[in-house]
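In what follows, a structure is listed as structure tokens, so that the remarks can point back to it.
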Amino acid sequence: DGAITDYQLRIKDQKKLSVEAFRKLNFKVVAAGDSYNDTTMLGAAHHGLLFCPPDNVKKEFPQFPVAENHKELRNLFSDARKKILASG
């Protein structure tokens with residue numbers, strides 16, 4: 001009937017590995033995510049942000065700023081950009 005019944009990830013922790021690859025290319029990385037599967041990526045970025053996460057994720061990962069709407073997310077991205085530019 002066309003329904004997906006199973007899947008297998010080809011690369012473990014692919015989001016984190018992508019951020020690490022960008023960093024090796026000397027990119028400054030600001031990343032946003034909303035759940036547990038994003039937290040290693042957020043930790044690997046220069047600035048990790050949570051966007052509309054559930055309360056348990058906010059509580060467990062207080063090191064990441066939280067945006068509850070798109071305006072707040074834009075402001076957090078802007079703040080991160082300013083910090084990156086100030087650090088050289």
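Computation of the quantities below employed the complete heavy-atom set of this structure, encompassing side-chain atoms and omitting hydrogens, waters and symmetry-equivalent molecules.
Under the rule for a side chain to side chain donor-acceptor pair (under 3.5 Å), N75 has no partner lying at least two apart in sequence or in another chain.
Ring-centre distance between H47 and F77: not below the 6.0 Å cut-off.
Between the side chain of R81 and the backbone N or O of V30 there is no donor-acceptor pair closer than 3.5 Å. H46 places no side-chain N or O within 3.5 Å of a backbone atom of K28 that could act as its donor or acceptor partner. S78 contributes no side-chain N or O that, together with a main-chain N or O of R74, makes up a donor-acceptor pair within less than 3.5 Å.
Between Y36 and F61, the angle of the ring planes goes over 60°, which puts this pair in the perpendicular group of the 30/60° scheme.
F51 and M41 end up in different hydrophobic clusters when Ile, Leu, Val, Met, Phe, Trp and Tyr side chains are linked at under 4.5 Å. Residues L49 and V66 do not share a hydrophobic cluster, defined by chaining ILVMFWY side chains whose heavy atoms lie under 4.5 Å apart. Linking ILVMFWY residues whenever their side-chain heavy atoms come closer than 4.5 Å, directly or via other members, leaves L50 and L73 in distinct clusters.
For the pair D34 and C52, the minimum side-chain heavy-atom distance is 4.5 Å or more.
The neighbour count for K58 NZ, taken as heavy atoms of other residues, nucleotides or ligands under 6.0 Å away, is above 12.
Salt-bridge formation is not detected for the pair K24/E20: no Lys NZ or Arg NE/NH1/NH2 atom is positioned less than 4.0 Å from an Asp or Glu carboxylate oxygen.
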